[in-house]
Enquirer: 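Pasting a structure here, questions to come.
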Number of protein chains: 2
Amino acid sequence: MDIKHLHYFVTVCDQLSYSKAAQKLHISQPSLSNAIKNLEQEVGSPLLERNTRKMELTDAGKILYQKSLVLLSQMNILKKEMEEVKLTGSGDLIIGIIESVKHWIPKVIRGYQGRFPSINIKLIEVLSGKAVKESLRKYHTHLLITNQFIDEEDIESFPLYDERLMLVLHKDHPLAEKESVRLKDLASEPFIISTEGFQTREDILTAFSFELVNPQIKFEIERFETALTLVRENLGVTIIPENYLSGSTDASLVRKTIDSPALERTVYLAYMKNRYLAPAVQAFLEEVRGKFPSKT
Amino acid sequence: MDIKHLHYFVTVCDQLSYSKAAQKLHISQPSLSNAIKNLEQEVGSPLLERNTRKMELTDAGKILYQKSLVLLSQMNILKKEMEEVKLTGSGDLIIGIIESVKHWIPKVIRGYQGRFPSINIKLIEVLSGKAVKESLRKYHTHLLITNQFIDEEDIESFPLYDERLMLVLHKDHPLAEKESVRLKDLASEPFIISTEGFQTREDILTAFSFELVNPQIKFEIERFETALTLVRENLGVTIIPENYLSGSTDASLVRKTIDSPALERTVYLAYMKNRYLAPAVQAFLEEVRGKFPSKT
DNA sequence: CCTCATTTATAGCTTCAAGCTATCAATTTA
DNA sequence: TAAATTGATAGCTTGAAGCTATAAATGAGG
């Protein structure tokens, strides 16, 4: 009982003629004749009462016709949907990000949504360490924007841009005057840092530990905006990605570069190397690459 | 995109292994491998991420899996239903009857329902003349019980039993005394007869016209029971099939045979000769034949 | 680190279903 | 009665779908 045969059968029922149906189906009339005969054999009862002039459906034929119509339409829907899926993947595009992308990714998404309006984009803050690779391999994310360089056989990882983590202080803060600030100068300052799990937190703590300094963590925040608010009140100092500050012009804040190589990091775009990427995923990938051509 | 291939695909997804799936499907592993590859080509995107150790569904695979499950289950339902239809026809058994069968057909139906409990039996009072043949040919009825002998190429018609139409009067009626009654004796009697469309009405009127008598039709009824009620009140006389009276023993009623060959009729069972009869129809046919073995 | 076992992919062969053309048979129409 | 139309049958051809044998990949275990 093949879908194709049901299609043949339905066409014959619609046309009430083998010859006409055969024409519609682009097969010869004898082939169609045979196909229906086989279908009847398979079903176990006649479907059409026919002679050279008249054609009528039997009881069994009527029932099969009804059911077949439903099944065929659903088969068509399935095909259409798979056609759609071929272009858009599952309809979801899941991207793992670090926090500092927030200043540029909205623009990319805006451009992308024009081309793939039906795609539902999910941004996930990918946690540190092994979770990054896991999220790609286990299909949790399609693409990853991370500051970890991933050196794995199956994962392609290329640099997008470099960014520094910069010190931010209140303009009235004593260190604001100094020419250059080093990490050890911050040892006794009330420090504002991202909560556990954010990559920036790890980067900063790593930088401190390189210089054997133990910062005084006073505040743990989830959004950089919150950190800046605290700094505006001169409640402490913080270190955040430079890109995050590029837009804001706030007279009460002072930015300082800190001379620590660990506070310079490269942001990478990563994805599974040998896995098929749906065009919708591919397109986003290229949109991002186009935004940062210098490094590629 | 064949149902069979979807079945293959779903089985692989369930087993997460080609070899195991191939075993379940009773085909070789390479055949299955090929089938899936072709399916992927047809869909246009990979469905399974696979190497010799691991197997995972892609986004497209997940979606096709879900949809295929639905489609396959519906295909199974369709097959089951056609299986059912093969045994029971359309699920309906439509029988055209004349009124006088009412005294014996319930017994046949009772026996039949035991064997085919899922069959829905419809009894239709078939109208006179050409409508009888039409109802068979146009699939309105599967079987026909009629007092017309049908002499047509495509219709099989065999006699079940003979029955007389008998006069019924009130015991106080003057004619109740007489040895024999003839139709002309009824010319001035208030006559009770079936309404237009019933075969018995036609038979009776034909009998009258043979003897050039014009009965005084006072009452037209739809059920013989109603006619008998009227006779019990001595409001008129009627002629009804002898079989209909066989059960009733009513002291106030008198039965009389009328000497008119036109009032003797044969009841036939008729059906389409060359048309496939579902076993459920066949079975009913034989049940009826078994009830009236003398004539067959 | 090197087998062994397991699993999927590839290559090449075979077979049968599903198509084709040609033609017959039945039946309506002119 | 001839022509036209339509479905059925016969016989041929081809390609999809199966098979076996074998290669390639990889994880497990000594």
Side-chain angles (χ1 to χ4, degrees), chain A residues 1-58 61 65 68 133 137-138 152-155 272-276, chain B residues 1-43 45-58 61 137 152-154 272-276:
Chain A
M1 184 108 59
D2 188 353
I3 280 284
K4 187 165 60 173
H5 297 138
L6 295 184
H7 182 211
Y8 286 3
F9 173 64
V10 165
T11 307
V12 172
C13 293
D14 288 338
Q15 301 294 319
L16 281 177
S17 154
Y18 276 37
S19 352
K20 283 176 200 161
Q23 269 188 304
K24 273 217 163 176
L25 293 165
H26 306 294
I27 59 173
S28 70
Q29 168 266 313
S31 303
L32 183 56
S33 240
N34 254 322
I36 300 293
K37 204 170 68 180
N38 292 339
L39 188 60
E40 284 182 326
Q41 215 152 45
E42 195 174 357
V43 169
S45 47
L47 300 170
L48 294 161
E49 193 80 20
R50 51 195 179 279
N51 55 47
T52 47
R53 284 293 132 182
K54 274 175 195 168
M55 180 169 299
E56 254 174 324
L57 280 160
T58 64
Y65 177 71
S68 297
K133 300 167 200 162
R137 294 210 177 98
K138 295 288 186 192
E152 302 267 338
E153 270 290 322
D154 53 347
I155 296 176
M272 293 299 286
K273 195 181 276 177
N274 298 315
R275 180 177 295 168
Y276 166 81
Chain B
M1 184 107 59
D2 188 353
I3 280 284
K4 188 166 59 173
H5 297 139
L6 295 183
H7 182 212
Y8 286 3
F9 173 65
V10 165
T11 308
V12 172
C13 293
D14 288 339
Q15 301 293 319
L16 279 177
S17 153
Y18 276 34
S19 352
K20 282 176 201 159
Q23 270 187 305
K24 272 215 165 177
L25 293 165
H26 306 295
I27 60 173
S28 71
Q29 169 267 313
S31 303
L32 183 56
S33 240
N34 254 323
I36 299 293
K37 203 171 68 180
N38 292 339
L39 187 61
E40 284 181 327
Q41 215 152 47
E42 195 173 358
V43 168
S45 49
L47 300 170
L48 293 162
E49 193 80 19
R50 52 195 179 278
N51 56 45
T52 49
R53 284 291 134 185
K54 276 176 192 168
M55 179 169 299
E56 255 174 323
L57 281 160
T58 65
R137 294 209 178 99
E152 301 267 339
E153 270 291 323
D154 53 346
M272 291 300 287
K273 197 180 276 177
N274 299 315
R275 180 179 295 169
Y276 167 80

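Protein chains get the first letters and strands the later ones, always in sequence-line order, with residue 1 at the start of each.
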Enquirer: Rounded to whole Å, how long is the line connecting atom CD of A/E40 with atom P of D/dG7?
Expert: 13 Å

Enquirer: Nearest to the A/S31 side chain among C/dT8, C/dC20, D/dT6, which nucleotide is it?
Expert: C/dC20

Enquirer: Nearest whole Å is fine: how far is C/dT8 C1' from B/K20 NZ?
Expert: 13 Å

Enquirer: For a quick test of reading the model: is some side-chain N or O of A/S33 closer than 4.0 Å to OP1 or OP2 of D/dT9?
Expert: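 Negative; the distance criterion is not met.
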
Enquirer: Step by step, would you call A/D14 with A/K24 a side chain to side chain contact (heavy atoms under 4.5 Å, CB included)?
Expert: CA-CA 11 Å; A/D14 288 338; A/K24 273 217 163 176; over 6 Å; no

Enquirer: Rounded to the nearest 0.5 Å, how far does CD1 of B/I3 lie from CE of A/M1?
Expert: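 If we round to the nearest 0.5 Å, A/M1:CE and B/I3:CD1 are 10.0 Å apart.
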
Enquirer: Between D/dG18, D/dT6, C/dA9, which nucleotide has the shortest distance from any of its atoms to the side chain of B/K4?
Expert: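 Closest of the options to the side chain of B/K4: D/dG18.
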
Enquirer: For the side chain of B/K37, starting at C-beta, report the closest nucleotide among D/dC19, C/dT10, C/dG19.
Expert: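 So the nucleotide nearest the side chain must be C/dT10.
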
Enquirer: Just N and O in the side chain of A/S19: are any of them under 4.0 Å from OP1 or OP2 of D/dT5?
Expert: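 Checking A/S19 against D/dT5: no side-chain N or O falls below 4.0 Å of OP1 or OP2.
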
Enquirer: Within residues 21-30 of chain A, which residues have any heavy atom lying less than 4.0 Å from an atom of DNA chain D?
Expert: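 A/Q29, A/P30, in order of number.
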
Enquirer: What are the two closest non-hydrogen atoms of B/Y8 and B/L32, and how far apart are they?
Expert: CB-CD1, 3.7 Å

Enquirer: Take atom CE of A/M55 and atom P of D/dT6, then tell me their distance rounded to the nearest Å.
Expert: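 So the CE-P distance, A/M55 to D/dT6, works out to 11 Å.
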
Enquirer: Nearest heavy-atom pair of A/F9 and A/Y65: which atoms, and what distance?
Expert: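 Minimum heavy-atom contact is CE2-N, 3.6 Å.
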
Enquirer: Report all interatomic pairs (protein N or O, nucleotide N or O of nucleotides 13-16 of chain D) with separations under 3.5 Å.
Expert:
none

Enquirer: OH of B/Y18 versus C1' of C/dA9: gap in Å, rounded?
Expert: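 After rounding, the gap between these two atoms is 10 Å.
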
Enquirer: Return the value, rounded to whole Å, for the distance between atom CG of B/N38 and atom C1' of C/dT10.
Expert: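 In whole Å, C/dT10 C1' lies 13 Å from B/N38 CG.
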
Enquirer: If you round to the nearest 0.5 Å, how far is CG of B/L16 from SG of B/C13?
Expert: 7.0 Å

Enquirer: Minimum heavy-atom separation for A/H5 and A/A35, please, with both atom names.
Expert: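 For A/H5 and A/A35, the tightest heavy-atom pair comes out as CD2-CB, 4.4 Å.
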
Enquirer: I need the minimum non-hydrogen distance between A/Y18 and A/L48, along with the two atoms involved.
Expert: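 So the minimum-distance heavy-atom pair works out to OH-CD1, 3.7 Å.
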
Enquirer: Just how far, in rounded Å, is C1' of D/dT5 from CG of A/L16?
Expert: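 Rounded to the whole Å, the gap is 16 Å.
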
Enquirer: Whole Å only: how far is the CG atom of B/L48 from the C1' atom of C/dT7?
Expert: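 Atom CG in B/L48 sits about 14 Å away from atom C1' in C/dT7.
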
Enquirer: Please find the pair of heavy atoms, one from A/E40 and one from A/L47, that lie closest to each other, and give the distance.
Expert: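 Shortest heavy-atom contact: OE2-N, 2.8 Å.
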
Enquirer: Determine whether a donor-acceptor pair (N or O, by modelled atom type, separation under 3.5 Å) exists between the side chain of A/S68 and the backbone of A/V10.
Expert: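 Checked: no pair found.
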
Enquirer: Rounded to the nearest Å, what distance is computed from the CD atom of residue A/E49 to the C1' atom of nucleotide D/dG7?
Expert: 14 Å

Enquirer: Hey, does the side chain of A/Y8 come within less than 4.0 Å of C/dG19's phosphate (OP1/OP2), counting only N and O?
Expert: yes

